[in-house]
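In what follows, a single structure is set out as C-alpha cells and then discussed.
Remember, it's a predicted structure, so these values are computed and weren't measured experimentally. Lettering follows sequence order; numbering is per chain, from 1.
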Protein chains: 2
Amino acid sequence: MTNTRQTMTPRRAPRGEYAKSRETREAILDAALEVFAEAGYRSGSLREIASRVGMSEAGVLHHFRNKVALLEAVLEHRDDNSRLLVPIESDDGAAVLRGLVQLAAHNASIPGVVELYCTLSAEGTSPDHPAHGYFVRRYEYTRANIERAFTALEADGRLRAGMTPRRGAVTMIAMMDGLQVQWLLDRSVVDMAQELRDLFSAFVDIDWDAQGSVASEEEGSA
Amino acid sequence: MTNTRQTMTPRRAPRGEYAKSRETREAILDAALEVFAEAGYRSGSLREIASRVGMSEAGVLHHFRNKVALLEAVLEHRDDNSRLLVPIESDDGAAVLRGLVQLAAHNASIPGVVELYCTLSAEGTSPDHPAHGYFVRRYEYTRANIERAFTALEADGRLRAGMTPRRGAVTMIAMMDGLQVQWLLDRSVVDMAQELRDLFSAFVDIDWDAQGSVASEEEGSA
DNA sequence: GTCTATATGGCGATAGAC
DNA sequence: GTCTATCGCCATATAGAC
C-alpha cells in the first residue's frame, strides 16, 4: 500500500495541541490492533476500542472517519514495521530469506500482531471484506519478491535440484502462515523461526549467520 | 470429539415426521456451514442461516438449542468426512501421507469447507472462542498421528537425513493451513495437492501412486 | 415443527453541547 | 477534542399461538 505520506514527513517532535492529538491517534491505533486481533474486524467493536483507550466512541470517530478507515490505518501502521526487518526488495536473495527468519523470531515477541494478521487474513479471504483487496495485493507482492530472491540464489547455484523459485516462495509464505496458527493455539509446541530455518536449509544453501543488519541493505533497494 | 452417538445408530432409513426433521436438520447444518465459512462464527448470524434454509430464527433454534450448539454440530458433522479420506491412525506411514495429499486434492472441490476451517481455526486461536478447545485438541491429535506416521517411515529408512518425525508433522500441517490461505485469496495461484506432494517428496521417500483406497486401511486402525 | 411477537442488549454513526 | 444523547439497525433467545 502507499505509505509515502508518513515517511516523507521529517517527523520532528510535534508540540502543543498537535502533539496531544498525535498521541491520542496512536493510542487508538494500539487499542484497535488489540481488539481486531482478538475478535477480528467484524466482531471487534468501536465500543471496546474506545473503552480500552479510555474515551467514548464519538471521541474515537473524531480521529477516524469510520470503522473501515480505522482498520486501514491499523494495517498501514503495522506494515512499515515488517519492512524495517525484511529487505524484501533487495537483490541479495540470502538477505531476504534471513530477514524472513528474523521476522519470525521477532514476531514471537509480539503475539498481538501475529494474531492480528492471522485473524484478518483469514477473515479477508471473503471477497466482501473491507481488507480483501489489501490481502490479495499483499500476498501477491510478497510472493513476487520472495520468488525474485530465490531466482537470485538459483543464479548462484545455491538452489537445490528439484526446487523452483516459484515453489520456494509459495512454500515459504505458507509455512509462515501455518506455523502461526499452531503457535497461537499452543506456543510451547513450535519455535517458528527455528522451523522456518530448518525447512529452508533443506532446499537452499545459505549462511544463516551472515551479519543481518537491514539498514544497510535498505539503501540499495527501491 | 465424541461422535459415537451417530455411528452407533444403525441408521435405517427414517420415516414419517422423523424423516422430515432429519432433512431439516441437515439443511440447517449445510446453511450454517456456508455462513460460518463466509463470515466466521462470531459474525455469522442465525438470521442469515435461517433465511438461507427458508425458515425463521425460532425454527432453527427448535433444532439446535443455541448458536454454540449449532457450531459444535457443524464441526462434528464435517469431521467424520476427513476421516473417510485419511487413515490418520493407520500404522502405514506412507498411506497417511498419501491420504493427506488426497485430502488436499479433494478439498479443492469444496471451497466452502476449506473456508470454514481456515476462518474458524483463526478465530479459534482466541482462548474465549467457543471452538478454542476443539481446535487445540484437533491440532494436537493430528500432529501426534502424523508424527507417528513419520516415525514409521523413519524405521523403514525412508526419512531423509536431517528430517525428524516431529518436524515433519509440524511442517505438513503448517503447509496445509498456509496453502489454503493463498488458495482462498487467489485459486489460480496454487495447486494445493501438488505443492504438498512436491514438498514432502523432498524429505521422505514415498511411492505416491500406490493404490490409496482408504476403506481397506480403516479396518486395521482403531 | 414452525411461526409471530417480544424482551434485551450491542452495534455504528450522527448531532450538538461544552 | 471530547463528551452525552440519540437514532436505527441487527443480534440471540424466549414465550406462546397454531
Item to complete: Side chain of B/Thr24 only, please: which of C/dT2, C/dG1, C/dG10 is the nearest?
Response: C/dT2
Response to the item:
For B/His132 and B/Ser126 the tightest heavy-atom approach is ND1-O, 3.2 Å
Worksheet item: Just checking A/Ser56: base, sugar-phosphate only, or nothing, at a heavy-atom cut-off of under 4.0 Å?
Response: base
Item to complete: Tell me whether the OP1 or OP2 atom of C/dT2 has a side-chain N or O from B/His63 closer than 4.0 Å.
Response: yes
Practice prompt. Output the single nucleotide from C/dG1, D/dA13, D/dC10 whose closest atom is nearest the side chain of B/Lys67.
Written response: D/dA13
Worksheet item: Any luck finding a side-chain donor-acceptor pair between A/Asp92 and A/Ser90 under 3.5 Å?
Response: no
Worksheet item: Rounded to the Å, how far apart are B/Ile49 CD1 and D/dA13 C1'?
Response: 14 Å
Worksheet item: Does A/Ser45 have a side-chain nitrogen or oxygen under 4.0 Å from the phosphate oxygens OP1 or OP2 of C/dG10?
Response: no
Worksheet item: Base, sugar-phosphate, or nothing for A/Leu46, non-hydrogen atoms under 4.0 angstrom?
Response: sugar-phosphate
Worksheet entry | Integer-rounded Å distance: D/dA11 P and B/Leu71 CG | 17 Å
Worksheet, complete the sentence: Side-chain contact check for B/Met55: nearest option of C/dG1, C/dC3, D/dA13 is C/dC3
Discussion item. Which label fits B/Tyr117 and B/Phe135: parallel for a plane angle under 30°, tilted from 30 to 60°, or perpendicular past 60°?
Written reply: perpendicular
Discussion item. Rounding to an integer number of Å, can you tell me how far A/Arg25 CZ sits from D/dG1 P?
Written reply: 11 Å
Fill in: Spacing of A/Asn66 atom CG relative to C/dT14 atom C1', expressed in whole Å
12 Å
Worksheet item: If you check every side-chain atom of A/Leu61, which of D/dA13, C/dG10, C/dA13 has the closest atom?
Response: C/dA13
Fill in: Any donor-acceptor pair under 3.5 Å from A/Thr119 side chain to A/Ala37 backbone
yes
Worksheet item: Can a side chain N or O of A/His62 be found less than 4.0 Å away from OP1 or OP2 on D/dG1?
Response: yes
Worksheet item: Atom CD of B/Glu57 to atom P of C/dT6: distance rounded to whole Å?
Response: 15 Å
Response to the item:
Looking only at C/dT14, D/dA11, C/dT2, the nucleotide nearest the A/Ala58 side chain is C/dT14
Worksheet item: Quick one: is C/dG10 close enough that its OP1 or OP2 comes under 4.0 Å of any side-chain N or O from A/Arg47?
Response: no
Fill in: More than 12 heavy atoms of other groups within 6.0 Å of B/Arg187 CZ
yes
